[in-house]
Amino acid sequence: MRIGELARRTGASERALRYYEEQGLLSPARLPNGYRDYDERCAVTVRRIRILLSAGLGTAAVAEILPCVADDTVVLAGTCPELREGLAAERRRIDAAIGDLTAARDILDSLVGRPLYGPAAPAA
DNA sequence: ATTCTCACA
DNA sequence: TGTGAGCA
């Protein structure tokens with residue numbers, strides 16, 4: 001199938017599909033006219049790519065994880081032990097980010113409850 | 001009608 | 001990643 005059909009079937013834009021290829025995530029064959037020729041496997045791969053990307057992973061990480069994914073959408077981390085630490089590290093980064101966001105929200109909450117603007121504050 | 005590559009008011 | 005240009 002060509003890029004248009006794959007885009008419709010996966011929900012990814014044609015632009016994204018070409019980008020995935022540029023990032024080494026997909027390697028579609030080429031028709032004699034230069035058009036990309038995707039097989040069924042690509043449809044499955046694109047769905048996995050989108051899931052991984054939506055998890056906040058970058059294309060570099062996706063490229064490493066992709067070959068470690070079995071026929072289902074389950075990542076067989078056990079098959080690629082090196083990925084375990086990398087994914088664990090990513091998880092820790094997310095935890096840290098959540099902590100930062102929570103702190104930021106708390107500050108915003110305190111501002112709403114005790115505005116710093118409005119009537120001039122008494123001279124310090 | 002579709003896809004391709006390249007470039008960015 | 002979107003969008004548009006200029007081709008094939």
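Proteins come first, then strands; the chains are lettered A, B, ... in the order of their sequence lines, and each starts at number 1.
Taking atom OH of residue A:Y19 and atom P of nucleotide B:dC4, one finds them 18 Å apart after rounding to whole Å. Taking atom CD1 on A:I3 and atom P on C:dT1, their separation rounds to 13 Å, with Å as the unit. Between the P atom of B:dA1 and the CZ atom of A:R2 lies a distance of 13 Å, rounded to the nearest Å. Atom-to-atom, CG of A:L6 to P of B:dC4 comes out at 11 Å; the value is rounded to the nearest Å. The separation between A:M1 atom CE and B:dT2 atom P is 16 Å, rounded to whole Å. Atom-to-atom, CG of A:N33 to C1' of C:dC7 comes out at 13 Å; the value is rounded to the nearest Å. A:D37 places its CG atom 13 Å from the C1' atom of B:dT3, with the value rounded to the nearest Å.
Residue A:R15 places no side-chain N or O under 4.0 Å from the OP1 or OP2 atom of C:dT3. One finds no side-chain N or O of A:R18 lying less than 4.0 angstrom from the OP1 or OP2 phosphate oxygen of C:dG2. Taking only side-chain nitrogens and oxygens, A:Y20 comes nearer than 4.0 Å to OP1 or OP2 of C:dT1.
Closest to the side chain of A:R30, from the set B:dT3, B:dC4, C:dG2, is B:dC4. Comparing atom distances between the A:S13 side chain and each of C:dT1, B:dT5, C:dG2 picks out C:dG2 as nearest.
Comparing A:A16 and A:Y35 against DNA chain C, the residue whose closest nucleotide sits nearer the 5' end is A:A16.
Base-pair partner of B:dT2: C:dA8 (Watson-Crick or G-U wobble, both distances under 3.5 Å). Nucleotide B:dC8: paired with C:dG2 (Watson-Crick or G-U wobble, both distances less than 3.5 Å).
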Assess the residue pair A:E14 and A:R18 against the criterion (salt bridge (charged side-chain N to carboxylate O under 4.0 Å, His left out)); give the C-alpha distance rounded to whole Å, side-chain angles, the decisive distance to 0.1 Å, and a yes or no. CA-CA 6 Å; A:E14 298 181 8; A:R18 298 193 182 95; 3.7 Å; yes
Salt bridge (charged side-chain N to carboxylate O under 4.0 Å, His left out), that's the test. Do A:E22 and A:R15 meet it? Break it down for me. CA-CA 11 Å; A:E22 188 178 287; A:R15 176 78 169 75; over 6 Å; no
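No donor-acceptor distance shorter than 3.5 angstrom exists from the side chain of A:D100 to the backbone of A:A103, with no hydrogens or angles considered.
Around CZ of A:R30, the count of heavy atoms belonging to other residues, nucleotides or ligands within 6.0 Å exceeds 12.
Using a 4.0 Å cut-off between charged side-chain N and carboxylate O, A:R9 and A:E40 make a salt bridge.
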